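In this text, all values refer to a predicted model and were calculated from it rather than measured experimentally.
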Amino acid sequence: MGGADTFQTLTSEAPGDGGADNEEAAMAVTVRELLALPHLQMSLHAGADGLDREVSWAHPSDLPNPWAWLSAGELLLTNGTGLAADPAGQARFIERLAEAGTSAFGLGLGMQGPPLTRALTDRADDLSLPVVSVPYSVPFSAVVRAVAEVNEREEARQLAGVARLYSLLRASMAGGLPGPQTFGRLGAELKARLYLVDPETGLSLFEDGPETGFARELVAEYAAHGGAIPGVLRLRHRGQDGSGAAIALAVAVPGDQPTALVAEPTGEQLPGLDLLQHVAALGSLELTQLTADRESRRRRGADLLRLLLDRGLDPTTARQRLAETGIGPAAAVVVLTPAACDDTADHVGRRLSRLRVPHLLLRRDDSLHIVVEDRPQWLAHLTRLLDTSAPMGVSDRIGTAERLPEAGQEARWALGAAEAENRRLIRYGDETALPLPRTPAEAQVLASRVLGALIAHDAEHGTDYLHTLRVVLRRDRSWQSAADELHIHKQTLGYRLRRIEQLTGRGVTRTDHIAELWFAVHAHDLVRSRVPHAS
């Protein structure tokens, strides 16, 4: 393994003779006691000051980042294939193991891993982290069995700890305690502060509960892992020099939405990963209740928004009901966007709730109506939550609850303009790149002036000349393409175009006539909220 100058063997010491009858002392085997077991033939190479560290379990792994799956108190066994070859990389490897609370680092001899460097052994001495070797003739399973056999009492103690956790949960649920108090009790059992957190935002899922002090670190680690949580995330506050100790743990909570259980120790010892994962399973029950409560609130909000849009409440009741939502109408707007299915509404509603954005949300007529305060960061959240190709129309500020139906129409008008210009977001009254009318009133005047006779003829005779004109303009006046879309013969299309010219006084050959017809058709569609996507 690289020579005496890079991997120096130290003489192991015999185990102490006291404590065999002491239940506390016998709870977990120490590194010193493992070295004294003759059948394991293990040798110590560094970190002699840490020989009395207790080993709760032996964890074989050749991953380059095994600390992401290690619990405090475990012995890492590796063949070294995931270990960096350079001294700096090896020193950092041993530092990360120490931060994870690893009891010892065991290397299997005779494999293909790089030799241990002086940088690793010196750093292990500094950190009092034992570095041991396991002979080629001794399988890792023998070490695992030895640890398991000696730690039978510790296993029984941990099972008792798990039983206490579930007993606390049952008592809390029977007593109707809110989530923050329940997790306060569970945390007291683990000597830690516990938080259920959205890893994308760092916000606690308990809106009236405390916030973790490691929100920023959690968000950064979650993003660095590609929007996932490995076995355990070790969160630490870094100093200006980049150093820091692992002083909080985060594990994934089972469920449909990404959720992390963050544990901040109140003592010197981090909670065991096995117990934390039991608490995470308990957290999934609380998460189910939180989700059900939020879905119930969202349904009530949708019912309220439907009533407000349809003028189904008297002004006094409308003002009172809207005030109860926490939304101030003087600073709120209506946002309208296409939504072909309920999944879009469900996704947006869940994320807005987790972001703690007060809102009302209703899917109707294949559109999503959202009432939210007019804050740049909240509208930015919406643009990220919706499909990148989904246009959005934003009303003027609502002002009062009674004006909400008008604001809904403004949002629909703005959405039509956004669709017509293929833009992501347009506010009511915005200047547009095309000289389209800016208000429904202006659009109605233009449509009536240019298309009035055509619209009246369609209504009286059951023809569809307006749609024919729309298709011809969208198909860049290609007779063949327009006829194919309309499923008619080109001669029939020619007849219709002559009738359109007679009724409107404008044909599709002169540029000025084409421009007038194009703007008039779009103005009509904006008013009727029937703007087709431009091809």
Side-chain angles (χ1 to χ4, degrees), residues 165 168-169 172 177-225 227-230 232-239 244-271 273 275-294 297-298 325-327 349-359 372-373 375-378 380-381 384-385:
L165 290 175
L168 281 172
L169 178 66
S172 297
L177 288 183
Q181 291 188 31
T182 298
F183 272 72
R185 286 189 171 188
L186 295 173
E189 175 68 21
L190 296 182
K191 295 182 174 58
R193 292 181 293 272
L194 301 178
Y195 308 87
L196 279 182
V197 184
D198 181 346
E200 293 185 19
T201 65
L203 293 173
S204 171
L205 296 186
F206 298 124
E207 296 177 9
D208 56 348
E211 301 288 343
T212 175
F214 293 83
R216 183 171 58 183
E217 289 79 8
L218 174 63
V219 171
E221 287 288 341
Y222 181 73
H225 285 81
I229 301 175
V232 60
L233 286 174
R234 287 180 167 80
L235 311 175
R236 52 195 178 278
H237 289 306
R238 294 184 179 276
I247 50 177
L249 300 178
V251 297
V253 175
D256 295 334
Q257 296 294 304
T259 305
L261 172 69
V262 176
E264 301 176 10
T266 56
E268 296 181 357
Q269 184 79 16
L270 286 167
L273 179 56
L275 289 179
L276 274 186
Q277 288 174 333
H278 278 286
V279 176
L282 300 178
S284 67
L285 300 177
E286 186 66 35
L287 190 60
T288 300
Q289 183 61 49
L290 285 171
T291 301
D293 291 344
R294 284 176 173 168
R297 276 188 290 172
R298 187 164 72 83
T325 67
I327 300 173
R350 284 194 298 265
R351 292 309 304 161
L352 288 179
S353 294
R354 285 201 166 201
L355 290 164
R356 299 186 187 172
V357 177
H359 67 281
V372 66
E373 289 190 9
R375 300 188 186 184
Q377 67 271 30
W378 289 355
H381 284 317
R384 287 193 294 269
L385 292 176

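Atom CZ of R356 sits about 5.0 Å away from atom CG of L203, to the nearest 0.5 Å. Remark: H359 NE2 to H381 NE2 distance equals 12.5 Å, nearest 0.5 Å.
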>> Does H225 form a side chain to side chain contact (heavy atoms under 4.5 Å, CB included) with L233? I'd like the steps, not just the answer.
In response: CA-CA 10 Å; H225 285 81; L233 286 174; 3.4 Å; yes
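Between W378 and P358, the shortest heavy-atom contact is CH2-CD, 3.4 Å. Here the closest heavy-atom approach between residue L218 and residue V197 is recorded as CD2-CG1, 3.6 Å. What you find for V219 and G202 is that their closest heavy atoms are CG2-N, 3.4 Å. When all heavy atoms of R294 and S353 are compared, the pair lying nearest together is CD-CB, 3.9 Å. When all heavy atoms of G326 and E373 are compared, the pair lying nearest together is O-OE2, 3.7 Å. R236 and E217 get closest at one heavy-atom pair: O-CG, 3.5 Å.
Here R216 pairs with nothing under the salt bridge (charged side-chain N to carboxylate O under 4.0 Å, His left out) rule; sequence neighbours left out.
In this structure the side chain of E211 never reaches within 4.5 angstrom of the side chain of Y195, judged on heavy atoms.
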Residues 250-266 side chain polar contacts: donor-acceptor under 3.5 Å, at least two apart:
from: T259; atom 1: OG1; to: Q257; atom 2: O; distance (Å): 3.2
from: T259; atom 1: OG1; to: R354; atom 2: NH2; distance (Å): 2.8
from: E264; atom 1: OE1; to: R193; atom 2: NE; distance (Å): 3.3
from: E264; atom 1: OE1; to: R193; atom 2: NH2; distance (Å): 3.4
from: E264; atom 1: OE2; to: T212; atom 2: OG1; distance (Å): 2.7
from: E264; atom 1: OE2; to: G213; atom 2: N; distance (Å): 3.0
from: T266; atom 1: OG1; to: K191; atom 2: O; distance (Å): 2.9

